[in-house]
Amino acid sequence: MKRLSGTEISKAIKEELKKEVSNLKTRGIHPKLAVILVGDDPASAIYVNSKKRTCEELGIGSLEKKMPAVTTQAELLSVVKALNRDPAVNGILCQVPLPGQCNEQEVIQTIDPEKDVDCFHPYNLGLLTAGIPKYMPCTPFGILQILKRSDCEISGKQVVVLGRSNIVGRPLSILMSLKAWNATVTVCHSRTRNLPEICATADILVVAMGRAKFVTAEFVKKGAVVIDVGTNRIADPAHPKGSRLVGDVDYEGIQGVAAAATPVPGGVGPMTIAMLMYNTINAARFQAGLDRFEL
Ligand code: GUN
């Protein structure tokens, strides 16, 4: 089974993006991303730090708005609106999940769609659904880049997507069914019957359901390509930290069955951040009246 390394593919993409940032800077365009982090969820803090570090690596400006766990919805919306008005900020991202008193959808819908580099706003999801995406949702586009750069043909293939979230499963299934990709897509979820049988029809199986090692060999057709979007922290007394990250797929268990699979960690995760950088660069380009930078 071939290991599809998101770490390596994202490195190559980040080199391309770094060159584009330099190119933009010679033209007086300085891409900048604002990241809002509310509360002290440790996983979110790690993601946000990693996004900031990647901005630095590529020469993209970053601005972190750290807000306490007791932040009200009104306070959060006023920060979003101030960033909408700031012409130096090209992209705005509010890390989710938010504390219970905040309304995630209202925050997403308050972000200016022109600066919505997560592609979470219904306007941008609508453009994508209409087949004319402006921003690409980061995790789905990261998966498409892994497949493209591993010479995995999508056109005409049976794709099964396990999971229907607004962040991964739904936008990915819509994108792959567009004329640009031409897949035949089945979306499965928690109420799907005969899950193993349906998954076993897939040439490409994408798993984004958030259940540790749920997908075993019986879900996988011989020769299939398996993309694991899961990031589940499980207790492991043998590990120095007392826990470790595992995917939704039993990577060892599918070894003799799948032709290729993404590991966890080191698969889809690093791609998501690279695609966020890509969107931030395009945000700066669009706002300067330029067209899309293609990957
Ligand atoms: N939480 C988990 N993934 C993401 C993401 O891609 N963007 C944001 N804003 N929050 C997240």
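Atoms considered below: every heavy atom in the structure, side chains included; atoms not considered: hydrogens, waters and symmetry mates. As the structure lists them, so they are numbered: ligands from 1, and atoms in each ligand from 1.
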Evaluate the side-chain hydrogen bond (donor to acceptor under 3.5 Å, both in side chains) criterion for residues Q73 and N103: first the C-alpha distance (whole Å), next the side-chain angles of each, then the deciding distance (0.1 Å), finally the verdict.
CA-CA 7 Å; Q73 179 74 358; N103 177 339; 5.0 Å; no
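- Comment: E57 engages K14 in a salt bridge, judged by a side-chain N to carboxylate O separation of less than 4.0 angstrom.
- Between R53 and E64 there is no salt bridge, since no side-chain N of the basic residue sits under 4.0 Å from a carboxylate O of the acidic one.
- Sorted by chain then number, the residues whose non-hydrogen atoms approach ligand 1 to under 4.0 Å are K51, L93, C94, Q95, V96, D118, F120.
- Taking the six-membered ring for Trp, F286 and Y135 have ring centres closer than 6.0 Å.
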Please determine whether side-chain hydrogen bond (donor to acceptor under 3.5 Å, both in side chains) holds for the pair Q95 and K51, giving the CA-CA distance in whole Å, both sets of side-chain angles, and the decisive distance to 0.1 Å.
CA-CA 11 Å; Q95 189 69 24; K51 289 168 186 178; 2.7 Å; yes
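- Taking a cutoff of 4.0 Å between a charged side-chain nitrogen and a carboxylate oxygen, D203 and K221 qualify as a salt bridge.
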